[in-house]
Amino acid sequence: MTPDELLRAELTRVAIAIGAPDSVAPVLERPRDPAHGDWATNLAMTLAKPLGRKPREIAEALVAKLDLAAAGVAATEIAGPGFINFRLDSGANARGLANILALGATFGRTDVGKGAPVNVEFVSANPTGPLHVGHGRQAALGDAISALLEGAGYRVTREFYYNDAGVQIENLAKSLWVRVAQAAGIEVQIPEGGYNGEYIRELAERFLSESGAPPSSALLAGAEAIAAGSAPADAALFDTMRRFAVAALRAEQDLDLRAFGVAFNVYYLESSLYTDGRVEETVDMLRKGGHTFEEEGALWLRTTDFGDDKDRVMRKRDGTFTYFVPDVAYHVTKWQRGFTRAINVQGADHHGTTARVRAGLQALEVGVPKGYPEYVLHQMVTVVRGGEEVKISKRAGSYVTVRDLIDEVGRDAVRYFFLMRKGDSQLVFDVDLARSQSEENPVYYIQMAHARLSGIFRVGEIDPATIIADGVQWDALAEDAERELVKSLLDYPRLVAGAADALEPHRVAAYLLETARQVHLWYHKHHVLGEPEHILRARLVLAKAARQVLANGLALLGINAPERM
RNA sequence: GCGCGAGUAGCUCAGCUGGAUAGAGCGUCGGCCUCCGGAGCCGAAGGUCGUGGGUUCGAAUCCCGCCUCGCGCACCA
């Protein structure tokens with residue numbers, strides 16, 4: 001039990017003793033001002049109404065009955081409108097360090113998830129080009145959220161949904177066709193909605209060298225068809241190109257993800273929803289449910305019955321389905337595969353789809369909960385280099401890829417920068433800052449704190465494994481800098497639990513930066529090696545505990561914790 | 001026009017799901033230091049939390065209106 005858990009238990013007992021309901025759950029918080037003690041509770045204020053007594057009076061009654069020794073409290077104080085402040089007895093906080101050493105890499109883990117299966121879907125890029133910075137933010141977010149949920153006791157499946165069917169893929173295949181035709185000397189332009197990127201030209205070259213040059217008559221006919229807005233007549237050749245392009249770009253994206261250190265458990269192909277009949281099946285079910293209607297030659301779903309702001313087309317006039325249908329079919333599989341929670345990490349530019357996917361799932365009436373799936377939406381990323389924004393132009397096909405960033409600043413920095421802001425705010429990625437080897441760079445600063453702590457053991461030729469908490473004089477950790485550091489370290493589990501609950505990894509990033517700051521402060525002010533034995537031992541425990549917490553937090557974010565830099 | 005998000009110190013951002021005198025880094029100003037590991041340490045100035053109402057013991061946080069910016073509003077994903 002950590003000191004605050006002990007105190008909470010004692011408060012609960014006393015509250016019930018003075019007449020509070022058995023369900024009472026005292027909330028302890030860290031006072032902003034350290035002068036107010038180690039912990040504070042507003043319990044007396046929340047009990048004022050149910051007990052019909054004044055807050056300060058209740059506070060006094062509570063304090064009078066409190067078993068200070070059992071709760072590890074040295075002093076209490078009633079303040080303001082009815083806060084009770086607690087100062088733990090000397091060393092009570094520090095004793096919590098033993099807990100950190102005992103739990104090691106599992107310090108900060110909880111079991112609120114109770115092994116429930118959660119599906120976290122992220123990146124899910126169309127295989128129509130390399131991963132760009134937006135995907136990078138998503139990869140970092142999705143992976144960190146997954147790690148947070150695992151730490152909270154959920155069984156997490158990381159899933160990538162490939163939109164390898166539909167109009168975008170059609171455009172991709174046409175773009176490749178055009179580049180191949182151009183290589184054969186045919187004059188034709190990339191069609192409206194096509195892909196202009198240089199990578200398509202490279203793809204065309206690879207296609208030619210691997211598959212050989214197609215007959216130019218077929219290429220010309222196809223190019224004319226594309227220019228006229230339709231598909232090439234040579235369906236077999238067109239299909240070959242489509243497959244080639246999708247396979248090649250998927251392989252590229254896999255390399256990007258590997259470079260970023262992100263691994264998925266499941267790659268789900270949109271095309272499989274068509275081949276195994278789930279799309280048709282979904283449409284049938286929706287029709288039977290009576291929520292569809294036909295208008296202007298299209299088949300619609302009345303999503304407005306389920307909270308969407310307008311009805312949606314399911315089957316277009318040309319007989320093909322909109323992306324929305326496979327999307328719904330796909331999410332049904334998540335539910336059917338047993339995921340009681342499904343979390344989708346997406347760019348905020350997709351927020352329009354959330355209401356209709358949920359509406360579609362409700363319309364199916366197969367027992368999917370209303371808020372399913374959950375969405376974590378993130379705002380845009382802008383890249384700044386040399387103090388200027390790097391312009392991203394989709395039309396010209398020029399943008400900053402994830403791989404560019406990783407090559408330039410390293411995986412750890414990319415991860416941290418994508419995670420240091422909350423998803424709701426727009427993110428500025430300062431390339432120069434990310435690559436700088438100075439303490440202004442937050443990643444460097446945090447990793448440096450870990451390396452410094454490691455350095456103490458290395459320089460002192462002490463094996464950290466031999467450092468144990470037994471017999472340590474806890475009140476030897478009496479300096480302000482170390483008392484504050486100890487408090488921060490013990491706060492870690494609460495912090496992580498909150499971050500997991502809110503699906504907000506940036507809290508961990510901010511915590512690590514603050515804790516690293518305290519480590520540096522302590523390190524500069526106080527020596528470890530060469531101190532008297534009892535201080536040396538206590539500080540080695542602190543150093544080991546701090547190193548552990550930094551390492552645990554960095555691991556959640558997918559960032560290395562180096563021993564030396 | 002409608003929906004979602006943002007607006008907090010000169011700049012970049014936190015603010016633990018409603019708590020006490022709103023915090024950190026950078027920058028500015030003043031003073032030290034050169035020490036296990038590389039400009040570090042101490043202090044200061046700097047705020048009508050976009051704005052106007054409301055809810056209550058108590059609001060940056062919750063509700064309503066307005067302003068500014070971003071994103072979306074396809075039979076594209």
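Chain letters run A, B, ... following the sequence lines, proteins first, then strands; residues in each count from 1.
For A60(B) and A9(B), the P atoms lie 15 Å apart once the distance is rounded to whole Å. Comparing U12(B) with U17(B), their C1' atoms sit 24 Å apart, to the nearest whole Å. Here the separation of G27(B) from C67(B), taken at their C1' atoms, is 30 Å to the nearest Å. A gap of 24 Å separates the P atoms of G65(B) and C71(B), to the nearest Å. The C1' atoms of U28(B) and A45(B) are separated by 9 Å, rounded to the nearest whole Å. When the P atom is compared between C16(B) and U61(B), the two are found 12 Å apart, to the nearest whole Å. Separating the C1' atom of C11(B) from that of C64(B) is a span of 33 Å, rounded to the nearest Å.
Residue Arg452(A) places no side-chain N or O under 4.0 Å from the OP1 or OP2 atom of G37(B). Within the structure, a side-chain polar atom (N or O) of Arg517(A) is placed less than 4.0 Å from OP1 or OP2 of G25(B). Phosphate proximity of G70(B) to Thr382(A): absent, as no side-chain N or O sits under 4.0 Å from OP1 or OP2.
Residue contacts for Arg539(A): at a heavy-atom cut-off of 4.0 Å it reaches no nucleic acid atom on any strand shown. Residue His378(A) is classed as having no contact, given no heavy-atom separation below 4.0 Å to the nucleic acid. Among the protein residues, Ala451(A) comes within range of the nucleic acid bases, having at least one heavy atom under 4.0 Å from a base atom. The residue Ala355(A) sits apart from the nucleic acid: no heavy atom pair falls under 4.0 Å. Across all strands, His524(A) comes closer than 4.0 Å only to sugar-phosphate atoms, never to a base (heavy-atom distances). Contacts of Tyr523(A) with the nucleic acid, taken as non-hydrogen atoms under 4.0 Å apart, include base atoms.
In this pair, Trp300(A) and Phe293(A) present their aromatic rings parallel. The plane angle is below 30°, not in the 30 to 60° band. Aromatic ring pairs are classed by plane angle as parallel below 30°, tilted from 30° to 60° and perpendicular above 60°; the pair Phe160(A) and Phe264(A) is perpendicular.
The side chain of Asp501(A) has U17(B) as its nearest neighbour among U17(B), C71(B), C75(B). Taking every side-chain heavy atom of Gln426(A) into account, G70(B) is the closest of G70(B), C76(B), C75(B). In the set C36(B), C76(B), G19(B), C36(B) carries the atom at the smallest distance from any side-chain atom of Leu529(A). Side-chain atoms of Arg507(A) lie closest to C16(B) of the nucleotides C71(B), C16(B), A14(B).
For Glu270(A) and C76(B), the CD to P distance is 12 Å, given to the nearest whole Å. In this structure, His506(A) places its NE2 atom 4 Å from P of G15(B), rounding to the nearest Å. The separation between Leu503(A) atom CG and C16(B) atom P is 16 Å, rounded to whole Å. Whole-Å rounding puts the Glu295(A) CD to C75(B) P distance at 12 Å. Atom pair Tyr195(A):OH and C76(B):P shows a separation of 13 Å (rounding to whole Å applied).
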side-chain contact (heavy atoms from CB on, under 4.5 Å) evaluation trace for Trp39(A) with Asn85(A): CA-CA 6 Å; Trp39(A) 292 100; Asn85(A) 295 331; over 6 Å; no
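A donor-acceptor distance shorter than 3.5 angstrom exists from the side chain of Asp412(A) to the backbone of Asn560(A), with no hydrogens or angles considered.
The base-pairing partner of G52(B), taking Watson-Crick or G-U wobble contacts with both distances under 3.5 Å, is C64(B). Under the Watson-Crick or G-U wobble criterion, with both distances below 3.5 Å, C69(B) is paired with G5(B). Using Watson-Crick or G-U wobble geometry with both donor-acceptor distances under 3.5 Å, G23(B) finds its partner in C13(B). The partner of G43(B), taking Watson-Crick or G-U wobble pairs whose two distances both stay under 3.5 Å, is C29(B).
Near-neighbour residues of RNA chain B inside residues 308-316 of chain A, defined by a heavy atom below 4.0 Å, number-ordered: Lys310(A), Val313(A), Lys316(A).
Sequence order on RNA chain B of the closest nucleotides to Ala165(A) and Ala348(A) puts Ala348(A) first from the 5' end.
Looking at His350(A), its side chain has no donor and acceptor atom pair within 3.5 Å of the base of G72(B). In the interface, the side chain of Gln168(A) is paired with the base of C76(B) through a donor and an acceptor atom under 3.5 Å apart.
Aromatic ring centroids of Phe306(A) and His291(A) lie under 6.0 Å apart.
Seen from the ring of Phe429(A), Arg137(A) does not count as a face-on cation partner, given the 6.0 Å and 45° thresholds.
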